[in-house]
Amino acid sequence: MDYNFNEIEKKWQKYWAENKTFSVKTDPSKPKYYVLDMFPYPSGAGLHVGHPLGYIASDIYTRYKRLMGYNVLHPMGYDAFGLPAEQYAIQTGQHPRVTTMENINRYRQQLDRIGFSFDWDREVKTCDPEYYKWTQWAFLKMFKSWYNNDTNSAEPINELVTRFEEEGNAKVNAACSDVETFTAEQWKNFSEKKKSDILMAYRIAYQGETSVNWCPQLGTVLANDEVKEGLSVRGGFPVEQKKMKQWQLRVSAYAGRLLDDLDSLQWSDALKEMQRNWIGRSYGAQMVFKTINPEPKDGSKFDRNYDMEIFTTRADTVFGVTFMVIAPESDWVEKLTTLSQKDEVEKYINEVKKKTERERIAETHTVTGVFSGSYAINPFTEERVPVWISEYVLAGYGTGAIMAVPAHDSRDYAFAKKFNLRIIPLIEGCDVSKESFDAKEGKMINSGFLTGYSVKEAIPMAIEEVEKRGIGHRMVNYRLRDAIFSRQRYWGEPFPIYYKDGIPTPLDEDKLPLELPQIATFKPTQDGEPPLAHATDWNYEGYPYEKSTMPGFAGSSAYYLRYMDPHNNSALVSREADNYWKDVDLYVGGTEHATGHLIYSRFWNKFLYDLGYVCENEPFKKLVNQGMIQGRSNFVYRVKNTNTFVSVNLKDKYETTEIHVDINIVRNDRLDIEAFKKWRPEYENAEFILENGEYICGWAVEKMSKSMFNVVNPDNICNDYGADTLRLYEMFLGPVEMSKPWDTKGIDGVHRFLRKFWRLFFGGGEGTGEFNLSDDEPTAEELKILHKLINKVETDIENFSFNTSVSAFMVAVNELSAIKSNKRKILLPIVILLSPFAPHICEELWSLAGNKESISFATFPMYHEEYTREDSVEYPVSFNGKTRFKLSLPKSMGKSDIEKAVLQEEQTAKYLAGNPVKKIIVVPGRIINIVF
RNA sequence: GCUCGGGUGGCGGAAUUGGUAGACGCCCAGGACUUAAAAUCCUGUGAACAGAAAUGUUCGUACGGGUUCGAUUCCCGUCCCGAGCACCA
């Protein structure tokens, strides 16, 4: 009987769907395990062979855990809001929902073809109102919460209001935007608008004016992780900085916890490091410098002196401050610009404003700046130093102002050199004539009370002194900014907010979901308002709704919670479901989400945890990053100005152009010439210069994309080889975490293995005849093959090392084929072992062997050590007439080999003779293990 | 520039974390079965040298040093590749 994979796979996929084999329920009698894939954005291009890599790995792990007796939650869904569908809608007028649903259906078909064991009853789609109801709900909770730094937790804003009424805000230690201090009395007399504005500064979801990434081409603002090198990640359009009022999430309040809790997670070091860098904690001090504006630019005589706060990690270098710098966007510019410098400053500010973010980055090393006209007083030396304005200081970090120590900071140094400012060295023996000395080492000089101490001693001493003098305090600063949460787009979650007399007001929770209205066109309005401004009659009792929508990460931040209880109408997740499933045990997905989704999700989860809605502080216990599968492109070489193509090894003799050729008409780099002629009309009469009668194509590893004609569709592989072969092959290519090019060459080897395995069940290795398993007792040799395999496969799966377990299967099957073994007690356990990898063929064999239930309910076989350990004998070994230690040797080894081994290792033996050694293990010629 | 990974045959990649380097697969070569091809199976396959042969010897994990009885693995330096961050004071 032949291995007819197409028929087998169709049959079992149907069986699994009809019997809901993979549907799970909360079951307190079994231990839970939660395996999650990052859900895909359903793009129009469909899945290529790279996408399922992580899904296959997680599916193997899921099926393995089920066999081990766990109740495994393994769901799948779609991150369905997003830009491409909206862009497509703008071009064609087709509603994004329509395209999105089409793409989802296509994805579903492709996923089903690969035989995943998802519980599809739990599917979620972020664009589904029943789903985004809970995204909006979480937003409302954030709107109605503030972050208490004393308890290090989010708390209801009502409680804050009560405190304001009782004692004002002086004692409130909150993570908040700038607010004035007020008393209880003042609070009670504030207008509604004023109260709203003040509370806004405390909310975790708040509206605030900041410098944001504005992308004119996309017509929307973007979060920091959506911008790379000054270009939008989606589309690659230039991004500029613009001051705008936007909804934001106070992620920065959680920076410390997000950083500290990384230690408890089983994530790769690389990924943790990325998050650490992104959060960017630095310890230092905030310090006050008095400033003097000799002639304010508006001519007023008042307010000439200000206390300017700066942040520094190098308080020890305060004696070397020779100037101060403020960011062009900072409020200090207004206060410190003098009348005589007014024109120059304004000119500079305008120049800076004109630059796009990309230009600013590109010109990182060109130093620009302007003198404000004002001075600051160094609190330690009482010296007057000039205050400059320069774009190298960022408004968004620290206080937007710095003390410049050119001798020990390379940026300050470059600035000082350019504008001829003084440089005072502070460390003994350092040479600052050519570059600054940035290292935190050496002995302090020219530094008053710090002179003579090492830098490491001086930093805390300086901070202590600052605190003692009351001019500043110890301070921890984070690089992580609050997340910009509004997008000027249509295809996203609407905000459950309406404006009552200009005051943003939350919609009642029982009015959720607030559904997206129908609109005629998806473009922004002519006066630049978001597309939702086109909606007619979209308001709450006459008050207009917020017009922007939520960003992509909103819907993906808590989807793992929704899977636990996807049809619950009264809660995001019921307490019961949350207490059972708790958190994601294994999360599989790409690194590209390191500083986006994986930060936001952790933030979102911690927020819900603070309010008591979820029981775990961290959402994803263990995380595996699957690598990318790149494409392998093929090229043909056209001789210039002809329609003649030359084979790759002869191309140097001609002047040629390299042309991408569809990899579907190339096999093992040999071009199918007839297919090529039909591929494009202009090649119909093409001629070829061959080598050895063949046309050999060139190749290169590139990103898998339509334009390079190197996309491999998993459907094609499934049709030609079967889903089981695809699954095995993707695992066999190399470690899951590694990026690697897709290369179809090796796939035959894996397919051959499955056929060989199949044949073992039909006629004892002959591969002919009917299904035939022998009930004879297995030999020791056969048992050894089996148990070696169980041991290997189990440890490999636990270590996510699937490529080596596939190899182990091949070895075992080769060995069994060689001895023509068809024993039931050997082969059926192997069917169970292999079923996570190649479920269809295993289901078929399992049922042919007479089993009524799906193999998914079988039990992973146990490993017995006695069948695999090499029997050994101990030999006493003597030196100088005394027994020094025992050699543990395999039985198979002859005495002469032992003597030879010891002789060859005479050096070793001499060394060992002087040491208390119990035994050493020897193989011919080498000692392989010494037991002390 | 800073941070984190990584460099092993013709290729993808193994090596129980200090113990016979190159598992497994691809490619290639030879053979068996076939009228023939396909399919299938078997054998060989890091390099050099010696030998009719079994086999043996030497060199080999980017490069140069070190620790160790023993290093792909640990340490120091150099070179190269990949990823992330990028004026974060």
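Both backbone and side-chain heavy atoms feed into the values below; hydrogens, waters and symmetry mates do not.
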Student: Would you call B:G13 syn or anti, using the 90° rule around 0?
Tutor: anti

Student: When rounded to the nearest Å, what value does the distance between C1' atoms of B:U8 and B:A71 take?
Tutor: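 It comes out at 14 Å once rounded to the nearest Å.
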
Student: For A:Ser447, which residues count as a side-chain contact (heavy atoms from CB on, under 4.5 Å) partner, sequence neighbours excluded?
Tutor: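 For A:Ser447 the side-chain contact (heavy atoms from CB on, under 4.5 Å) partners, ignoring immediate neighbours, are A:Phe319, A:Leu426, A:Met444, A:Leu450, A:Thr451.
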
Student: B:C87 C1' sits how many Å from A:Asp438 CG, rounded?
Tutor: 12 Å

Student: Have a look at A:Arg481 and say if it touches a base, only the backbone sugar-phosphate, or nothing, with a 4.0 Å heavy-atom cut-off.
Tutor: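 Base: the residue A:Arg481, judged by heavy atoms under 4.0 Å, touches a nucleobase.
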
Student: Pairs under 3.5 angstrom, nitrogen or oxygen only, protein versus nucleotides 12-18 of chain B, please.
Tutor:
residue: B:G12; atom: O2'; partner: A:Leu733; partner atom: O; Å: 2.9
residue: B:A14; atom: OP1; partner: A:Asn803; partner atom: ND2; Å: 3.3

Student: Tell me if a side-chain donor or acceptor on A:Asn803 pairs with a main-chain N or O of A:Phe732 at a distance below 3.5 Å.
Tutor: no

Student: Using the test side-chain hydrogen bond (donor to acceptor under 3.5 Å, both in side chains), find all partners of A:Asn799 that sit at least two apart in sequence or belong to another chain.
Tutor: none

Student: Starting the side chain at C-beta, find the nucleotide from B:A86, B:C24, B:A89 nearest to A:Trp278.
Tutor: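 Between B:A86, B:C24, B:A89, the one nearest the side chain of A:Trp278 would be B:A86.
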
Student: Could you give the distance separating B:U73 and B:A21 at their C1' atoms, to the nearest angstrom?
Tutor: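 To the nearest whole Å, 11 Å.
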
Student: Atom CD of A:Glu592 and atom P of B:C85: how far apart are they, to the nearest Å?
Tutor: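 In whole Å, B:C85 P and A:Glu592 CD are 12 Å from each other.
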
Student: If you measure from the C1' atom in B:C41 to the same atom in B:C4, how many Å do you get, rounded?
Tutor: 48 Å

Student: Please measure how far the P atom in B:A52 lies from the corresponding atom in B:C59, and state the result in whole Å.
Tutor: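 It comes out at 24 Å once rounded to the nearest Å.
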
Student: Would you say the side chains of A:Ser252 and A:Asp482 form a donor-acceptor pair under 3.5 Å?
Tutor: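 A:Asp482 and A:Ser252 do have a side-chain donor-acceptor pair below 3.5 Å.
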
Student: Name the nucleic acid region contacted by A:Arg755, choosing base, sugar-phosphate or nothing; use a 4.0 angstrom heavy-atom cut-off, strictly under.
Tutor: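 It contacts sugar-phosphate atoms only.
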
Student: When we call it a touch if two heavy atoms are under 4.0 Å apart, what does A:Asn814 touch: a base, just sugar-phosphate, or nothing?
Tutor: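 Sugar-phosphate, backbone atoms only, no base.
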
Student: Considering every strand and a 4.0 Å limit on heavy-atom distances, what is the contact class for A:Val393: base, sugar-phosphate, or nothing?
Tutor: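 Base contact.
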
Student: Grab the CG-P distance between A:Asp748 and B:C24 for me, whole Å please.
Tutor: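 Atom-to-atom, A:Asp748 to B:C24, this comes out as 19 Å.
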
Student: Excluding sequence neighbours, so at least two apart, what forms side-chain contact (heavy atoms from CB on, under 4.5 Å) with A:Gln286?
Tutor: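 Result, side-chain contact (heavy atoms from CB on, under 4.5 Å) vs A:Gln286: A:Glu309, A:Thr399, A:His473, A:Met475.
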
Student: On RNA chain B, compare the nucleotides closest to A:Tyr397 and A:Ala808; which residue's is nearer the 5' end?
Tutor: A:Ala808

Student: Looking only at side-chain N and O atoms, does A:Lys756 offer a donor or acceptor that is under 3.5 Å from a partner on A:Asn814?
Tutor: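 Present: a donor and an acceptor within the cut-off.
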
Student: Taking ring-ring contact (aromatic ring centres under 6.0 Å, His included) as the test, write out the residues that go with A:Phe419, two or more places apart.
Tutor: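 ring-ring contact (aromatic ring centres under 6.0 Å, His included) list for A:Phe419, sorted by chain: A:Trp388, A:Phe415.
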
Student: How many whole angstroms separate atom CD of A:Glu435 from atom P of B:C87?
Tutor: 20 Å

Student: Would you tell me whether A:Tyr3 and A:Arg755 have side-chain atoms, one donor and one acceptor, within less than 3.5 Å of each other?
Tutor: no

Student: Heavy atoms under 4.0 Å, any strand shown: does A:Lys756 hit a base, just sugar-phosphate, or nothing?
Tutor: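 Here A:Lys756 touches the backbone only, sparing every base.
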
Student: Provide, to the nearest angstrom, the distance between the CE atom belonging to A:Met628 and the C1' atom belonging to B:G82.
Tutor: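 After rounding, the reported distance stands at 12 Å.
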
Student: In whole angstrom, give me the gap between the P atoms of B:G30 and B:G82.
Tutor: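 Rounded to whole Å, the distance is 39 Å.
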
Student: Can you name the side-chain hydrogen bond (donor to acceptor under 3.5 Å, both in side chains) partners of A:Ser801, sequence neighbours left out?
Tutor: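 Only A:Thr804 meet the side-chain hydrogen bond (donor to acceptor under 3.5 Å, both in side chains) criterion with A:Ser801.
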
Student: Could you list the residues that satisfy salt bridge (charged side-chain N to carboxylate O under 4.0 Å, His left out) with A:Glu391, not counting sequence neighbours?
Tutor: A:Lys355, A:Arg360

Student: Counting Watson-Crick and G-U wobble pairs whose two distances are both under 3.5 Å, find the runs of 3 or more in a row that involve RNA chain B.
Tutor: B:1-7 with B:79-85, B:10-12 with B:24-26, B:28-32 with B:40-44, B:46-50 with B:55-59, B:62-66 with B:74-78

Student: Tell me, please, which residues at least two apart from A:Arg422 pass salt bridge (charged side-chain N to carboxylate O under 4.0 Å, His left out).
Tutor: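 Partners of A:Arg422 under the salt bridge (charged side-chain N to carboxylate O under 4.0 Å, His left out) test: A:Glu383.
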
Student: For B:U17, does the O4'-C1'-N9-C4 or O4'-C1'-N1-C2 angle fall within 90° of 0, making it syn, or is it anti?
Tutor: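 Because its glycosidic torsion lies within 90° of 0, B:U17 adopts the syn conformation.
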
Student: Are any of A:Ser282's side-chain N or O atoms less than 4.0 Å away from OP1 or OP2 of B:A89?
Tutor: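 Yes, within the criterion.
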
Student: Between A:Phe437 (CZ) and B:A89 (C1'), how many Å, whole number?
Tutor: 18 Å

Student: Can you check the A:Met324 CE to B:A89 P distance for me, whole Å?
Tutor: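 After rounding, the gap between these two atoms is 16 Å.
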
Student: If the condition is salt bridge (charged side-chain N to carboxylate O under 4.0 Å, His left out), which residues does A:Glu794 pass it with, not counting sequence neighbours?
Tutor: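 Not a single residue meets the salt bridge (charged side-chain N to carboxylate O under 4.0 Å, His left out) criterion with A:Glu794.
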
Student: With the side chain of A:Phe311 defined as its heavy atoms from C-beta on, choose the nearest nucleotide among B:C85, B:A89, B:G84.
Tutor: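 Of B:C85, B:A89, B:G84, B:A89 is nearest to the side chain of A:Phe311.
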
Student: Between B:U67 and B:U17, how far is it from one P atom to the other, in whole Å?
Tutor: 26 Å

Student: Output, in order, the C-alpha distance, side-chain angles, deciding distance and verdict of ring pair (Phe, Tyr, Trp, His ring centres under 6.0 Å) for A:Phe837 and A:Phe809.
Tutor: CA-CA 10 Å; A:Phe837 297 83; A:Phe809 280 116; 5.4 Å; yes

Student: Give me the distance, rounded to whole Å, that separates B:U16 from B:A54 when you measure between the P atoms they each carry.
Tutor: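 It comes out at 32 Å once rounded to the nearest Å.
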
Student: Hey, does A:Ser410 reach any base, or is it just sugar-phosphate, or nothing, if we go heavy atoms under 4.0 Å?
Tutor: nothing

Student: How far, in whole Å, is B:A62 from B:U58 if one measures between their P atoms?
Tutor: 22 Å

Student: If I take atom CZ in residue A:Arg479 and atom P in nucleotide B:C85, what distance separates them, rounded to the nearest angstrom?
Tutor: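 The distance from CZ of A:Arg479 to P of B:C85 comes to 8 Å, rounded to the nearest Å.
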
Student: Sequence neighbours excluded, which residues qualify as side-chain contact (heavy atoms from CB on, under 4.5 Å) partners of A:Val811?
Tutor: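 Once residues adjacent in sequence are excluded, the partners of A:Val811 under the side-chain contact (heavy atoms from CB on, under 4.5 Å) criterion are A:Glu815.
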
Student: Considering only nitrogen or oxygen atoms on both sides, find all protein atoms under 3.5 Å from nucleotides 1-11 of chain B and state each distance.
Tutor:
residue: B:U3; atom: O2'; partner: A:Glu273; partner atom: OE2; Å: 3.3

Student: Take A:Ala818 and A:Glu391, find for each the nucleotide of RNA chain B with the closest heavy atom, and name the residue whose nucleotide sits nearer the 5' end.
Tutor: A:Ala818

Student: The side chain of A:Ile402 is closest to which nucleotide in this list: B:C85, B:C26, B:A89?
Tutor: B:A89

